[in-house]
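Structure record follows, encoded as structure tokens.
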Amino acid sequence: QVRLVESGGGLVQPGGSLRLSCTTSGIIFNNFVMSWHRQAPGKEREWVAKIDTNGATNHASSVRGRFYISRDNAKNTLYLQMTNVKPEDTAVYYCEDGAGSWGRGTQVTVSS
């Protein structure tokens with residue numbers, strides 16, 4: 001059974017940092033292109049970042065230079081390092097395995 005579980009969300013002040021994790025089970029993690037997505041209140045879910053099986057990354061323009069996706073294949077875990085966060089980054093953040101499996105999300109709130 002495929003399972004993706006996000007963690008690390010919370011309340012952070014503008015300009016602060018946060019690291020999200022996505023632990024996986026039931027998949028051969030290093031065979032999957034992994035992604036982060038987010039959904040802000042009242043908005044459509046949007047793609048945030050992607051990391052290929054060889055470690056190549058791509059980030060949405062809205063987060064490029066501030067957020068960094070990475071993976072640890074030995075731990076079957078995906079990460080999203082968030083820096084210099086802004087109020088508009090407030091959203092539920094989801095990981096996705098490229099094969100249609102999603103976690104339940106972790107809430108990130110950026111507020112002073």
Side-chain angles (χ1 to χ4, degrees):
Q1 181 181 1
V2 178
R3 192 158 181 252
L4 284 68
V5 180
E6 302 91 341
S7 62
L11 175 64
V12 58
Q13 293 187 343
S17 298
L18 208 59
R19 189 176 81 156
L20 306 184
S21 299
C22 170
T23 57
T24 71
S25 58
I27 61 173
I28 302 174
F29 179 74
N30 54 321
N31 286 355
F32 283 78
V33 175
M34 299 295 297
S35 296
W36 285 100
H37 304 258
R38 68 185 180 185
Q39 187 166 19
K43 295 189 176 181
E44 298 279 323
R45 189 175 294 188
E46 65 171 344
W47 169 77
V48 173
K50 180 188 75 168
I51 184 166
D52 291 339
T53 56
N54 61 4
T57 62
N58 197 8
H59 299 79
S61 58
S62 58
V63 305
R64 194 170 299 135
R66 300 188 300 120
F67 291 10
Y68 304 92
I69 189 172
S70 63
R71 65 193 300 160
D72 185 334
N73 289 338
K75 295 183 178 180
N76 295 333
T77 301
L78 178 72
Y79 301 101
L80 185 69
Q81 180 68 50
M82 306 169 64
T83 66
N84 191 22
V85 297
K86 303 176 181 180
E88 51 263 43
D89 295 322
T90 294
V92 178
Y93 284 73
Y94 301 89
C95 61
E96 182 253 328
D97 70 358
S101 294
W102 294 74
R104 293 189 174 185
T106 186
Q107 174 71 49
V108 172
T109 302
V110 182
S111 175
S112 55

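Nothing fancy with the numbering, it's 1 onward along the sequence.
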Is it the case that the side chain of [X] and the backbone of [Y] share a donor-acceptor pair, with hydrogens and angles ignored and the cut-off at 3.5 Å?
X: Arg64; Y: Asn58; value: no
X: Asn54; Y: Ala56; value: yes
X: Thr24; Y: Asn76; value: yes
X: Thr77; Y: Lys75; value: yes
X: His59; Y: Ile69; value: yes

If every non-hydrogen atom of [X] is compared with every non-hydrogen atom of [Y], which pair is closest and at what distance?
X: Val2; Y: Ser101; value: CG1-OG, 3.5 Å
X: Tyr93; Y: Glu6; value: O-CG, 3.9 Å
X: Asp97; Y: Ile27; value: OD2-CG2, 4.0 Å
X: Gln107; Y: Thr90; value: NE2-CG2, 4.0 Å
X: Phe29; Y: Asp72; value: CE2-O, 3.9 Å
X: Pro14; Y: Ser112; value: CD-N, 3.7 Å

Legend entry - Arg19 NZ/CZ over Tyr79 ring centroid, <6.0 Å and within 45° of normal: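 So Arg19 does make the cation-pi contact.
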
Legend entry - Check against side chain to side chain contact (heavy atoms under 4.5 Å, CB included), Thr83 and Tyr68: CA-CA 8 Å; Thr83 66; Tyr68 304 92; 4.1 Å; yes

Within a strict 4.5 Å, meaning less than it, do heavy atoms of the [X] and [Y] side chains meet?
X: Leu11; Y: Ser111; answer: yes
X: Leu80; Y: Phe67; answer: yes
X: Arg66; Y: Asp89; answer: yes
X: Arg38; Y: Trp47; answer: no
X: Leu78; Y: Trp36; answer: yes
X: Val12; Y: Met82; answer: no
X: Tyr94; Y: Val92; answer: yes
X: Thr106; Y: Ser7; answer: no

Legend entry - Parallel, tilted or perpendicular: ring planes of His37 versus Trp102, cut at 30 and 60 degrees: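 The arrangement is tilted - the two ring planes meet at 30° to 60°.
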
Legend entry - Separation of Gln39 CD from Arg45 CZ (nearest 0.5 Å):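 If I round to the nearest 0.5 Å, the distance is 5.5 Å.
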
Inset, instruction - First locate atom CG of Leu20, then atom SG of Cys95, and finally report the distance between them rounded to the nearest 0.5 Å. - result: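 One gets 9.5 Å once the value is rounded to the nearest 0.5 Å.
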
